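We name chains A, B, ... by the order of the sequence lines, and we start the count at 1 in each one. Small disclaimer: the values here were computed from a predicted structure and weren't measured.
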Amino acid sequence: MTRKPLRDPRNLSSNKAEEAREQLAPQHAAQETGRNMKPSVIVIGADKGGVGKTTIARAVLDYLANNNVITRAFDTEHPRGTLHRFHPEETEIVDLTSTADQMKIIDTLETAQIKVSVIDVRAGGLSIALQALHDMGFLEAVKEGEFNFVVFHVLGSSISSLEEIEEIAPYVEDAQYFLVKNHVNDTTFFEWDPVTHRKYFEKVQTAGELTIPKLNEIAYEQVEIAGTPFSTFVADKTAEGDHAGHSFVLRGYVRTWQNKIAEEFDRVGLLGLVAPLAPRAPAVAPGRSGKAGRER
Amino acid sequence: MAGRSGDVFIVCSCSARAGVSTTARLLTDYRLFSRSPVVGFDTDPHEPRYGAFFPDLVTTVDVGDIKGQIALFDSLLARDGTTKIVDVWHRGFQRFFATVQEIGFVEEGRRNGIEPILLFHADASEAALASAQSLNATWPELPMVVVHNEGARPLGPKASDILRRYPAKHKFVVSALPGAVVNILDDPSLSLWRFLQAPPTNISIVVRAALKSWIVPIFTQFKSFELRRDLESSDYLR
């Protein structure tokens, strides 16, 4: 594909400018941050299907929005797009094997106002996506420090899923590579078998492991039916911003689950990796969405 | 409290046979006697003793099941001017409060102008005291009333000392009924509020007198607490 010349990373502002920035209102700070941030790409994927990639992508989008980080998202589940169903405003459905769509993502990284791009890779497409990113020179640009690159590799409970770790390793040497253990569907990851666990989890140098806790099945299903971001569900809103009348109990479970995930993202310093200057938001309070901008 | 419409009473104990269902029943009867709307929830799905006294007003829920949780907590948050009384089964005590914490019920209640009131039943065990202290540590703003049911859980001569250790600002005492009278309370067809309005003539005069002298002081305590709460929340009379 054709890639525009990549510029040197911009210098972050001086201490004085940073002090001034801290005094800005959150939305202004977010915009200001966007102008100074190095573009970041977060890839969420797995080679195995049904491990909850899109759930993780939705959680990432919610988390970043709650922390006033404006994002754009690409859903590679072409042409349907599950992520697009929940986050239609910021998500575009793309075909990652198409040169035109590759250009749409990569060539706009530096020119786009929004500096954080989240790519939800369709089932079975992680290796293909990383190979494509390698072929187009993106991984080289990451090595040169032009972009932040974060990979969330969502694991399933099968041996074949764990074997993906070794396959992915060559592509993520310069990435912030996280193994994600998604417990949403009660999966275990061979923790009960230390030999097997060690065999796979010690094969690659990672930036850390993320544990996504289990969400009550009925609560999860209700969010599915609502077809809104988790934060919108917690705020008891419809996609149109009207009062939804969701069960308080289910909203409570989703809110607690979101807060636990936010603690995980905080623990691994996700915000510092993709938006070091963004103002932080507190945990979502009961009955509130920390993402005012998303309430349409 | 008992006269303030829309309040939520959580009647609980971590111990068996502490008189929780009796208190829930008395409070419900007090509200009916005051001609105020009231509904109840019995969280013992196996043997809903409280529910048996008010089959039309009390819903039996299983807080171990999410459908039961929705039926309970979503109803408690409805701002419909109805007092809600929850009889927390001692076996479901931990699960109940774990759910309260996980879903943020107390905080959401406050946002909706609903402040749950804990009616914690005391006994002489350290476990009961520790449970009360734990609840108070988790929700220090939550009003707690310590209930001493002298019939179910007599505390003996050290009652005052034991009750003083509980982190509660208020106290209810449910006195013991004479042995010859207590059995009549088990009759689900006996409505305490109707009894006060018009004592049935098929009950002996002695039993009627004993029952009335047992109920009236309890209702007086409810009324007193209700007035105190009204004064505390008044903008003018502090």
Value for CG (A:N216) from CD (B:Q69), rounded to nearest 0.5 Å, stands at 7.5 Å
Here the gap from B:L72 atom CG to A:F248 atom CZ, rounded to the nearest 0.5 Å, amounts to 11.0 Å
query = Got more than 12 heavy atoms from elsewhere within 6.0 Å of CD, A:E224?
reply = yes
Closest heavy-atom pair, A:V249 versus B:I66, reported as atoms and distance to 0.1 Å, is CG1-CG1, 4.4 Å
- Over 12 foreign heavy atoms within 6.0 Å of CZ, A:R267: yes
If you count every heavy atom of other residues, nucleotides or ligands that lies below 6.0 Å from B:R17 atom CZ, does the total exceed 12?
no
So, the part of B:I70 with a heavy atom under 4.5 Å from chain A: the answer is both
